[in-house]
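Bear in mind the structure is a predicted one, so any value in this text is a computation, not a measurement. Residue numbers run from 1 in the order of the sequence given.
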Amino acid sequence: MKIKSLFIMMFLFINVYANQTLKVGVLAFGTVNWELDVIKHNKLDKKYGIDLQVIKLASKNAVSIAIQSKSVDIIVTDWIWVNRQRFEGRDYTFYPYSRAIGALYTSNKDIKTLLDLKGKRLGVSGGSVDKTWLLFQAYTKSKYNQNLKKIVDPVFAAPPILYKKMLDKSLDASINFWHFNAKLKAKEFRKLIDVQEVFNTFDIRNDVPLVGWTFSQEFAKNNKQTVNNFLQASYEAKKLLNSSESQWDRIRTLMKAKNDNTFRALKEGYRNGIVKEFSADEKEAASKVFELLYKEGGKSLVGKSTHLDKDTFWDFNPDINW
């Protein structure tokens, strides 16, 4: 009986304590929730010995505060922020989550190039140092020898507000997050230019994911297997969403897609943003992107950083067959 009791106690101990808790902080209504839901529903966290806890937060500022206060272990943000933090003595590091790129959309058929936006109201999400806005400025200077800020009448506002202003025609065009652009596409708005065209202009041929999983380098070194297992689970969730229609049907309510066109556009946008490779070539391309953003955004964007720190990117090679 004593031996049997001992085995029961060992079984309970293993099941209670085997999985390491990992707290991920995300925007309450962000698209990252789709992938995290797939991880939880398919028990991919348990598969890799993780008890994944999703902490939903109200704003981007709340997300950054949560990681800095150590209320959460991982967030999603851009590597420009991560690099800036490293130059200010904070040890954050980054692994790509999505390469979904920013774009400029319009419904005005007379607008065929950025120069046609002269005097027009252009909505910009994220404020004056929005990365896509800055990259389009660099593009306009290179291609047309013009200053985009002097051509357009910029309107800075939160992404949902810009989306509504596009629908009521109070804006002529907008630069917004990918999922709002997908919704505009579903309503037959037209993409004028995207970040990939900017990259091509500056001979940046590799995909450069701007947003990714972000965590403390010290935490990751002390919990390397847990962090890497989470990243592996993230990749497996992406693979499911890349190939399985049933996974999308299950999370459709979470996506708040009001019609089939919007549902298809969001699904296509997510799939197009999946990062399947992040090697030395992509990291080198990221350095070129940093140079562009540094030139356009200055210290308001990059802070004290003058180059891309070699430890900005976490070294991980996923075991996945696409």
Side-chain angles (χ1 to χ4, degrees), residues 24-36 54-68 72 75-82 84 97-108 111 114 117 120-137 148-149 152-187 189-195 209-212 214 254-259 262 265-266 269-270 273 293 296-297 300-303:
V24 179
V26 294
L27 288 172
F29 302 105
T31 59
V32 182
N33 287 287
W34 308 349
E35 184 174 307
L36 294 175
V54 180
I55 311 298
K56 297 186 177 182
L57 299 161
S59 67
K60 186 176 180 180
N61 188 48
V63 171
S64 64
I65 290 174
I67 190 73
Q68 292 179 75
V72 299
I75 64 170
V76 169
T77 190
D78 60 82
W79 52 259
I80 293 291
W81 183 86
V82 172
R84 175 174 181 153
Y97 163 74
S98 174
R99 64 181 185 87
I101 54 178
L104 189 153
Y105 271 75
T106 183
S107 61
N108 188 330
I111 299 175
L114 290 177
L117 290 168
K120 303 231 173 358
R121 287 166 56 84
L122 172 65
V124 180
S125 64
S128 61
V129 290
D130 173 74
K131 268 71 71 179
T132 304
W133 166 237
L134 294 173
L135 289 170
F136 287 161
Q137 289 179 49
L148 185 60
K149 288 190 294 185
V152 303
D153 177 16
V155 178
F156 301 106
I161 294 174
L162 291 182
Y163 174 68
K164 291 178 181 178
K165 286 184 174 293
M166 286 292 284
L167 296 183
D168 68 19
K169 307 295 184 181
S170 59
L171 289 175
D172 299 286
S174 70
I175 297 169
N176 211 336
F177 295 165
W178 77 264
H179 50 293
F180 289 105
N181 288 336
K183 291 179 180 180
L184 289 177
K185 180 180 178 181
K187 295 183 178 296
F189 282 73
R190 176 173 54 89
K191 179 174 70 177
L192 181 68
I193 182 176
D194 61 26
V195 168
L210 290 176
V211 297
T214 298
L254 185 64
M255 297 164 63
K256 301 186 184 303
K258 295 181 179 180
N259 55 64
T262 300
L266 289 170
Y270 175 90
L293 290 171
E296 292 298 326
S300 297
L301 175 66
V302 304

Considering only heavy atoms from C-beta outward, does the side chain of [X] approach that of [Y] to under 4.5 Å?
X: L293; Y: L135; answer: yes
X: I193; Y: F136; answer: yes
X: T31; Y: F177; answer: no
X: F180; Y: M166; answer: no
X: E296; Y: W133; answer: no
X: T106; Y: R190; answer: yes
X: N33; Y: V54; answer: yes

Donor-acceptor contact below 3.5 Å, side chain R121 vs main chain S170: yes
Point-to-point distance, once rounded to the nearest 0.5 Å, from [atom1] of [X] to [atom2] of [Y]:
X: L192; Y: Y105; atom1: CG; atom2: OH; value: 10.5 Å
X: L171; Y: K164; atom1: CG; atom2: NZ; value: 13.5 Å
X: Y163; Y: F189; atom1: OH; atom2: CZ; value: 8.0 Å
X: I67; Y: I55; atom1: CD1; atom2: CD1; value: 11.5 Å
X: D153; Y: D172; atom1: CG; atom2: CG; value: 9.0 Å
X: R84; Y: S300; atom1: CZ; atom2: OG; value: 7.5 Å

Taking only residues two or more places apart in sequence, or in another chain, which ones meet [X] in a side chain to side chain donor-acceptor pair (under 3.5 Å)?
X: K191; result: D194
X: S107; result: K169
X: D78; result: K131
X: S125; result: none

Least distance between heavy atoms, [X] atom then [Y] atom:
X: G25; Y: L57; result: CA-CD1, 4.2 Å
X: G297; Y: L134; result: CA-CD1, 3.8 Å
X: A265; Y: A186; result: CB-CB, 4.1 Å
X: I175; Y: L162; result: O-CD1, 3.9 Å

Mutual orientation of the aromatic rings belonging to W34 and W178 [parallel < 30°, tilted 30-60°, perpendicular > 60°]: perpendicular
Of L167, N176, T262, the residue whose pairing with L184 passes side-chain contact (heavy atoms from CB on, under 4.5 Å): L167
K256: side chain to side chain contact (heavy atoms under 4.5 Å, CB included) partners, not counting sequence neighbours: F29
Results of salt bridge (charged side-chain N to carboxylate O under 4.0 Å, His left out) for K120 - residues two or more places apart only: none
